[in-house]
Amino acid sequence: MPRQPRYAKRRATEAHDAVLAGKSAHKALALALGISPTTLKLWLEQQPDFASAVADARAELARQRAEAASARAGRKSKYAPGMDETARLHAATGKTDEDIAHELGVSLTTLRNWRQSHPGLHQAIQEGRDCWAVTTVEQSLIKRAQGYEYEETTTETGDKGERIVTMQRHMPPDTRAAQFVLTNRAPARWKQKQEVEHKGEVELSLPDAVRELFNSVMGEHTVSRGGDQ
């Protein structure tokens, strides 16, 4: 059986300092003192000055931690209600929580805590995200209704090996997408034209209908986007 280290008075001071350094748990304290948990247990039971030093240090450590926690709880939050609209605008552009936190000058953890403790902020970010999602889908639908040009890249294999070929392609206007845009953006006008067309009195091609929609109903939208370019 290994011989137990002898106790010395200085051990009480070492234990006191180790506990205040955060080595309060039994195993952590034993490791800091270079003794086994069993030896530490014996010293606590048999050496009153050692036990008192450890108890006093643990009480002091608990007090320090309580004061630190109280200070954190009492610290004034940087959150202000005006941040809700700022967060909404950033969310509406597709920015992530990490991006929004950066824009607000706080950490991602802080923003997540704010979203839990401030319902208005959480709702603002969610509304911004919903707006971004709708806008993104809407723009894709409008693009599909109008038709668009795109590049297609393929790999061809010949006598001289493989080569990359890039070609310009044209995606023609999609009739279903056009109809959806028209009936939702100009329901009264487009519904009327559909009824007339079904009766055979007026023939209106879908590309013309798309062009009419963008020139009149969505004129302001088209102008604003043109000004951004």
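Below, each value reflects all heavy atoms present in this structure, side chains not excepted, and no hydrogens, waters or symmetry copies.
- Separation of atoms CZ (Arg163) and OG1 (Thr154) is listed at 8.5 Å; rounding is to 0.5 Å.
- Of the residues Leu20, Thr13, Val19, the one that meets the side-chain contact (heavy atoms from CB on, under 4.5 Å) test with His16 is Leu20.
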Would Glu151 and Gln168 count as a side chain to side chain contact (heavy atoms under 4.5 Å, CB included) here? Give the steps.
CA-CA 5 Å; Glu151 287 188 351; Gln168 286 291 125; 2.8 Å; yes
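- Panel note: side chain Arg129, backbone Lys95; a donor-acceptor pair is recorded below 3.5 Å.
- Using a 4.0 Å cut-off between charged nitrogen and carboxylate oxygen, Arg11 and Asp49 do not count as a salt-bridge pair.
- Of the N and O atoms on the side chains of Asp99 and Thr96, at least one donor lies less than 3.5 Å from an acceptor on the other residue.
- Placement of Ile35 and Tyr7 within a single hydrophobic cluster is found when ILVMFWY residues are connected by side-chain heavy-atom separations under 4.5 Å, directly or transitively.
- The hydrophobic clustering, which links ILVMFWY residues whose side-chain heavy atoms are closer than 4.5 Å, places Phe50 and Leu42 apart.
- Residues Arg169 and Met167 form a side-chain contact, since some pair of their non-hydrogen atoms from C-beta on lies under 4.5 Å apart.
- With hydrogens and angles ignored, the 3.5 Å screen pairs a side-chain donor or acceptor of Thr135 with a backbone N or O of Cys131.
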Arg115 and Ile100: side chain to side chain contact (heavy atoms under 4.5 Å, CB included), yes or no, with the steps?
CA-CA 12 Å; Arg115 291 190 67 173; Ile100 295 172; over 6 Å; no
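- Tracing side-chain contacts under 4.5 Å through hydrophobic residues (I, L, V, M, F, W, Y), one reaches Ile125 starting from Tyr79; they form part of the same cluster.
- Side-chain atoms of Val106 and Trp114, non-hydrogen and from C-beta on, do get closer than 4.5 Å to each other.
- The nearest pair of heavy atoms linking Ala15 to Val54 is CB-CG2, 3.7 Å.
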His102 vs His90, test: side chain to side chain contact (heavy atoms under 4.5 Å, CB included). Steps then yes/no.
CA-CA 11 Å; His102 177 74; His90 286 302; over 6 Å; no
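- Between Gly120 and Asp84, the closest heavy-atom pair is C-OD2, 3.5 Å.
- Note on residues 17-27: no pairs pass side chain to side chain donor-acceptor pair (under 3.5 Å), not counting sequence neighbours.
- Between the Arg65 side chain and the Glu60 main chain, no donor and acceptor come within less than 3.5 Å of each other.
- Taken from OG1 in Thr155 to CD1 in Ile164, the straight-line distance is 3.5 Å, to the nearest 0.5 Å.
- Between Leu40 atom CG and Leu29 atom CG the span is 5.0 Å, to the nearest 0.5 Å.
- Hydrophobic clustering (side-chain heavy atoms under 4.5 Å, transitive across Ile, Leu, Val, Met, Phe, Trp, Tyr) keeps Leu89 apart from Met83.
- Note that NE2 of His122 is 10.0 Å distant from CD of Glu127, once rounded to the nearest 0.5 Å.
- At most 12 heavy atoms of other shown residues, nucleotides or ligands fall within 6.0 angstrom of atom CD in Gln123.
- Across Ser107 and Ala101, no two heavy atoms sit closer than the pair O-CB, 3.7 Å.
- Shown here is Gln64, whose CD atom has more than 12 heavy atoms of other residues, nucleotides or ligands within 6.0 Å.
- Nearest heavy-atom pair across Ala53 and Ala12 is CB-O, 3.5 Å.
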